[in-house]
Amino acid sequence: MINQVRVRVAIVSFRCTDSLRALLSEIRNQSKDWEIFVWDNHSEVSHLLKEELETSDLVDWVYFCSDNIGFAKAVNEIAAVPGSWDVLLTANPDAKIISSLHPVI
């Protein structure tokens, strides 16, 4: 029997508006149950994304940082958000999903 795996997706963005939108859509197509978290590292396009992402059904949690703290630190911040998950999937906004993702534990 396959267990239902709780997945948290951590996407760290910096100046990637179009590719971020595409990746969010691809991930939601994988599963409506996965938590999708976006961290924006204070890019010039932050103000364009803020309202769009906070009101969309593509993202569960979005944070706009006032500095560029880098990928690893941003992933650690997302991992520290309260909640429970079994798998943390990390991605850059320009990542492409080329097949179905089915995590099993």
Side-chain angles (χ1 to χ4, degrees):
M1 178 175 173
I2 297 175
N3 293 330
Q4 178 66 28
V5 178
R6 296 165 300 181
V7 177
R8 176 176 287 182
V9 181
I11 303 170
V12 180
S13 180
F14 182 72
R15 298 180 182 164
C16 296
T17 309
D18 292 337
S19 55
L20 176 60
R21 281 187 196 104
L23 179 62
L24 289 171
S25 181
E26 287 179 33
I27 291 171
R28 270 296 171 232
N29 286 336
Q30 291 287 318
S31 176
K32 304 282 187 228
D33 297 328
W34 294 358
E35 289 183 311
I36 301 176
F37 289 43
V38 173
W39 180 285
D40 184 82
N41 267 328
H42 191 65
S43 59
E44 292 82 22
V45 295
S46 291
H47 66 284
L48 301 173
L49 286 173
K50 184 172 178 54
E51 190 172 316
E52 177 184 340
L53 292 181
E54 288 180 335
T55 60
S56 82
D57 60 352
L58 294 176
V59 178
D60 295 301
W61 184 87
V62 61
Y63 185 81
F64 294 88
C65 189
S66 60
D67 296 313
N68 185 346
I69 64 171
F71 184 84
K73 188 169 183 183
V75 167
N76 287 337
E77 293 289 334
I78 291 172
V81 173
S84 93
W85 44 271
D86 302 307
V87 174
L88 180 64
L89 173 65
T90 63
N92 283 321
D94 58 351
K96 302 288 183 215
I97 298 174
I98 58 173
S99 66
S100 295
L101 302 173
H102 299 285
V104 177
I105 57 171

Option from Val75, Val12, Val81, Ile11 for which side-chain contact (heavy atoms from CB on, under 4.5 Å) with Phe37 holds:
Val81
Please output the side-chain donor-acceptor pairs of residues 89-96 that fall under 3.5 Å, not counting sequence neighbours, one pair per line with the distance.
none

Do Ile27 and Ile78 land in one hydrophobic cluster if side-chain heavy atoms of ILVMFWY residues count as linked below 4.5 Å?
no
Assigning hydrophobic clusters by single linkage (Ile, Leu, Val, Met, Phe, Trp, Tyr; side-chain heavy-atom cutoff under 4.5 Å), is Leu23 placed with Trp39?
no
Sequence neighbours excluded, the answer for side chain to side chain donor-acceptor pair (under 3.5 Å) partners of Asn29 is none
If you look at every heavy atom in Ile97 and Gln30, which pair is closest and at what distance?
CG2-NE2, 3.4 Å
Considering only distance and modelled atom types, tabulate donor-acceptor pairs under 3.5 Å from the side chains of residues 58-71, sequence neighbours left out.
unit_1	atom_1	unit_2	atom_2	d
Asp60	OD2	Arg28	NH2	3.0
Asp60	OD2	Ile36	N	2.8
Asn68	OD1	Asn41	ND2	3.3
Asn68	OD1	Gly70	N	3.1

Is any side-chain heavy atom of Asp86 closer than 4.5 Å to a side-chain heavy atom of Val7?
no
Quick check: closest heavy atoms across Trp85 and Ala79, and the distance to 0.1 Å?
CZ2-O, 3.8 Å
Answer yes or no: is there a side-chain heavy-atom contact under 4.5 Å between Leu24 and Arg21?
no
Apply the test side chain to side chain contact (heavy atoms under 4.5 Å, CB included) to residues Arg6 and Asp33: give CA-CA distance (whole Å), side-chain angles for both, the deciding distance (0.1 Å), then the verdict.
CA-CA 8 Å; Arg6 296 165 300 181; Asp33 297 328; over 6 Å; no
Pro82 to Arg8 - nearest heavy-atom pair and separation:
O-NH2, 3.4 Å
